Undergrad: 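I am attaching a structure below and will ask some questions about it afterwards.
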Amino acid sequence: MIEAIKDTLINSGFASLSYKHVIMIVIACTFLYLAIKKGYEPYLLIPIAFGMLLVNLPIAGLMTPPVDGNNGGLLYYLYQGTNLGIYPPLIFLCLGASTDFGPLIANPKTLLLGGAAQIGIFIAFFGALALGMTGPEAASVGIIGGADGPTAIFLTSQLAPHLLSSIALAAYSYMALVPIIQPPIMKLLTTKKEREIKMEQLRPVSQKEKILFPIVVTIFVILLLPSAAPLIGMLMLGNLIKESGQVPKITDTLQNALMYTITILLGVTVGAKAEADIFLSIQTAKIIILGLVAFAVGTAGGVLMGKLMCKLTNGKVNPMIGAAGVSAVPMSARVVQKEGAKANPSNFLLMHAMGPNVAGVIGSAVAAGVLLQFFS
């Protein structure tokens with residue numbers, strides 16, 4: 001009996017548990033706490049954190065590839081959708097069906113805010129080059145600054161697949177931590193008076209404009225940057241399905257069932273690549289630091305462009321909406337609304353922030369297309 005217990009313990013995961021595994025388990029549980037207790041983007045953070053937890057429990061073999069005719073682990077097969085770049089365009093398809101481009105169409109100037117927020121991508125790109133990374137690696141790290149997990153995964157799977165786990169985890173982690181990272185930057189770069197600015201109501205946008213927008217953007221962007229076709233094409237297809245009004249059941253499926261299904265699969269498999277030996281390395285530390293710099297600089301770039309527009313319009317633009325120029329839809333727009341309401345309880349900036357927010361989605365996809373075309 002004692003021998004049986006001893007053998008069980010020797011062959012259990014406890015016997016193979018290392019200090020690195022313990023560290024990763026603590027990190028995973030911390031993320032779960034932030035998602036469940038604090039409510040920090042639980043739709044993203046719960047599956048990511050649980051994937052981290054699963055892969056760092058020794059001997060479970062959930063990410064083991066097939067060997068000598070034996071089947072691989074469950075998460076290994078689910079991960080192929082991430083590895084092959086299948087999940088990101090599907091997420092964009094669902095995102096398009098959930099996105100209202102009306103605020104952007106009503107106020108096209110917000111494209112400038114979305115464009116300015118992409119500066120973080122290129123700052124991190126040059127920073128990564130300075131740290132000795134190759135061009136494709138630097139491009140993959142830089143795209144984290146767009147705060148767009150699917151875009152980061154798609155570009156990295158094409159240019160630097162060996163960095164996919166670290167980059168995907170950093171990108172999604174920063175997306176989930178938008179409510180923590182952005183407010184201090186917004187407050188640092190704006191005055192109280194600027195944060196209190198109330199913006200005029202946007203003009204109504206016709207259904208015809210909303211239908212033509214995804215068609216025109218698809219034709220123009222893909223002819224200009226064919227490499228952006230998978231992301232832009234799926235994003236605009238999803239939006240056209242929504243705005244056509246002809247297929248409400250498909251729209252509902254994309255907005256709900258398919259979106260949540262793909263989010264779970266993507267989140268769990270991204271987290272499952274955070275194995276202790278890979279995640280706890282100098283290279284991963286560099287990626288996480290550069291990703292934070294990229295995201296912070298992108299937020300700052302959008303806010304500073306907002307300050308310029310505020311000045312040029314004689315105080316009609318609240319600079320904080322520039323922070324929504326990163327691609328974290330609708331998280332960063334909600335942060336702008338929350339901070340605006342704090343400064344002025346009668347302030348309602350959400351729809352104004354959605355303009356640069358959806359412009360950021362397009363901007364990050366275009367930036368990825370540029371980098372992919374240059375380095376592939």
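Note that the structure is predicted; figures quoted are calculated from it, not measured.
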Undergrad: Please report the closest heavy-atom contact between L45 and L34, naming both atoms and the distance.
TA: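 Nearest heavy atoms, L45 then L34: CD2-CB, 4.1 Å.
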Undergrad: Can you list, by chain and residue number, the hydrophobic cluster partners of V216 when the side-chain cut-off is 4.5 Å?
TA: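 Direct or chained contacts put V216 with none.
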Undergrad: Identify the heavy atoms of A365 and A228 that sit nearest to each other, and give their distance.
TA: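 The answer is O-CB, 4.0 Å.
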Undergrad: Do L372 and F154 touch side chain to side chain, with heavy atoms closer than 4.5 Å?
TA: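 SC-SC contact between L372 and F154 confirmed.
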Undergrad: Do other residues, nucleotides or ligands put more than 12 heavy atoms under 6.0 Å from the CZ atom of F348?
TA: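 Result for CZ/F348: enclosed.
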Undergrad: Fit a plane to each ring of Y174 and F295, take the angle between them on a 0 to 90° scale, and name the class: parallel (under 30°), tilted (30 to 60°) or perpendicular (over 60°).
TA: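 It falls in the parallel class, under 30°.
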Undergrad: Applying side-chain contact (heavy atoms from CB on, under 4.5 Å), run through I25 and L53 and close with a yes or a no.
TA: CA-CA 6 Å; I25 290 170; L53 182 64; 3.9 Å; yes
Undergrad: Quick test of your reading of the model: are R195 and E339 salt-bridged, counting only N-O distances below 4.0 Å?
TA: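 Salt bridge: no.
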Undergrad: Nearest 0.5 angstrom please: K249 NZ to D252 CG, how far?
TA: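 Between K249 NZ and D252 CG, I get 10.0 Å after rounding to 0.5 Å.
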Undergrad: Tell me whether the count of non-hydrogen atoms from other residues, nucleotides or ligands lying under 6.0 Å of NZ in K338 goes above 12.
TA: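 Atom NZ in K338 is not crowded, with 12 or fewer foreign heavy atoms closer than 6.0 Å.
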Undergrad: Is it true that a side-chain atom of N107 and a backbone atom of P356 form a donor plus acceptor pair closer than 3.5 Å?
TA: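 The answer is no, because no donor-acceptor pair under 3.5 Å joins these two groups.
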Undergrad: Would you sort out whether S332 and N357 count as a side-chain hydrogen bond (donor to acceptor under 3.5 Å, both in side chains), showing the intermediate values?
TA: CA-CA 7 Å; S332 54; N357 210 182; 3.1 Å; yes
Undergrad: Under the criterion side-chain contact (heavy atoms from CB on, under 4.5 Å), which of V361, V358, T151, L95 is the partner of S327?
TA: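 Single side-chain contact (heavy atoms from CB on, under 4.5 Å) partner of S327 among V361, V358, T151, L95: V361.
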Undergrad: Measure up the F213 and F101 rings against each other and bin them: parallel (under 30°), tilted (30 to 60°), perpendicular (over 60°).
TA: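 The arrangement is tilted - the two ring planes meet at 30° to 60°.
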Undergrad: For the residue pair G85 and S157, what are the closest heavy atoms and their distance?
TA: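 For G85 versus S157, the nearest heavy atoms are CA-OG, 4.1 Å.
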Undergrad: Looking only at atom types and distance, does a side-chain atom of S364 sit under 3.5 Å from a main-chain N or O of G360, one as donor and one as acceptor?
TA: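 The answer is yes, because a donor-acceptor pair under 3.5 Å joins these two groups.
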Undergrad: Crowded around I119 CD1? As in, over 12 foreign heavy atoms under 6.0 Å?
TA: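 Not more than 12 within 6.0 Å, no.
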Undergrad: Has Q80 got a side-chain atom pairing as donor or acceptor with Y76's backbone, closer than 3.5 angstrom?
TA: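 Looks like yes, one N/O pair under 3.5 Å.
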Undergrad: Which value, rounded to the nearest 0.5 Å, describes the distance between L235 atom CG and I91 atom CD1?
TA: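 Interatomic distance, L235 CG to I91 CD1, rounded to 0.5 Å: 12.0 Å.
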Undergrad: Checking V326 against Q182 for the side-chain contact (heavy atoms from CB on, under 4.5 Å) test, could you report, in this order, the C-alpha distance in whole Å, the side-chain angles of both residues, the deciding distance, and whether it holds?
TA: CA-CA 10 Å; V326 297; Q182 284 200 315; 3.5 Å; yes
Undergrad: May I ask you to say whether E137 pairs ionically with K286, meaning some side-chain N is under 4.0 Å from a carboxylate O?
TA: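 Salt bridge between E137 and K286, a charged N being under 4.0 Å from a carboxylate O: no.
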Undergrad: Within the supplied structure, the quantity of interest is the number of heavy atoms (other residues, nucleotides, ligands) at a distance under 6.0 Å from L84 CG; does it exceed 12?
TA: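 Yes, because the 6.0 Å sphere around CG of L84 holds more than 12 heavy atoms from other groups.
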Undergrad: Q207: which residues meet the side chain to side chain contact (heavy atoms under 4.5 Å, CB included) condition with it, sequence neighbours left out?
TA: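 Checked Q207 against side chain to side chain contact (heavy atoms under 4.5 Å, CB included); matches are K210, I211, E243.
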Undergrad: Short question: side chain of Y87, backbone of P150 - any donor-acceptor pair under 3.5 Å?
TA: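 Checking the backbone N and O of P150 against the side chain of Y87, no donor-acceptor pair under 3.5 Å is found.
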Undergrad: For side-chain contact (heavy atoms from CB on, under 4.5 Å), just list the numbers for V141 and M133, CA-CA rounded to whole Å, side-chain angles, deciding distance to a tenth of an Å, and then say yes or no.
TA: CA-CA 9 Å; V141 172; M133 293 186 182; 3.8 Å; yes
Undergrad: Taking all non-hydrogen atoms of both residues, which atom of P103 and which atom of G355 are closest, and how far apart?
TA: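 Between these two residues, the closest heavy atoms are CB-N, 3.7 Å.
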Undergrad: With a 4.0 Å cut-off, would you call E196 and K193 a salt bridge?
TA: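 Not counted as a salt bridge, because no side-chain N and carboxylate O are separated by less than 4.0 Å.
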Undergrad: Of all heavy-atom pairs between M52 and N56, which one has the smallest distance, and what is that distance?
TA: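 Shortest heavy-atom separation between M52 and N56 comes out as O-ND2, 2.8 Å.
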Undergrad: Quick check on Y260: does its OH atom have over 12 non-hydrogen neighbours (other residues, nucleotides or ligands) under 6.0 Å away?
TA: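 Yes, because the 6.0 Å sphere around OH of Y260 holds more than 12 heavy atoms from other groups.
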Undergrad: Which residue in the set K311, K307, K187 passes salt bridge (Lys or Arg N to Asp or Glu O under 4.0 Å) when paired with E194?
TA: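 In the set K311, K307, K187, the residue that makes a salt bridge (Lys or Arg N to Asp or Glu O under 4.0 Å) with E194 is K307.
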Undergrad: Quick one: closest heavy-atom pair of P47 and T263, and the distance?
TA: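 Between these two residues, the closest heavy atoms are CG-O, 4.4 Å.
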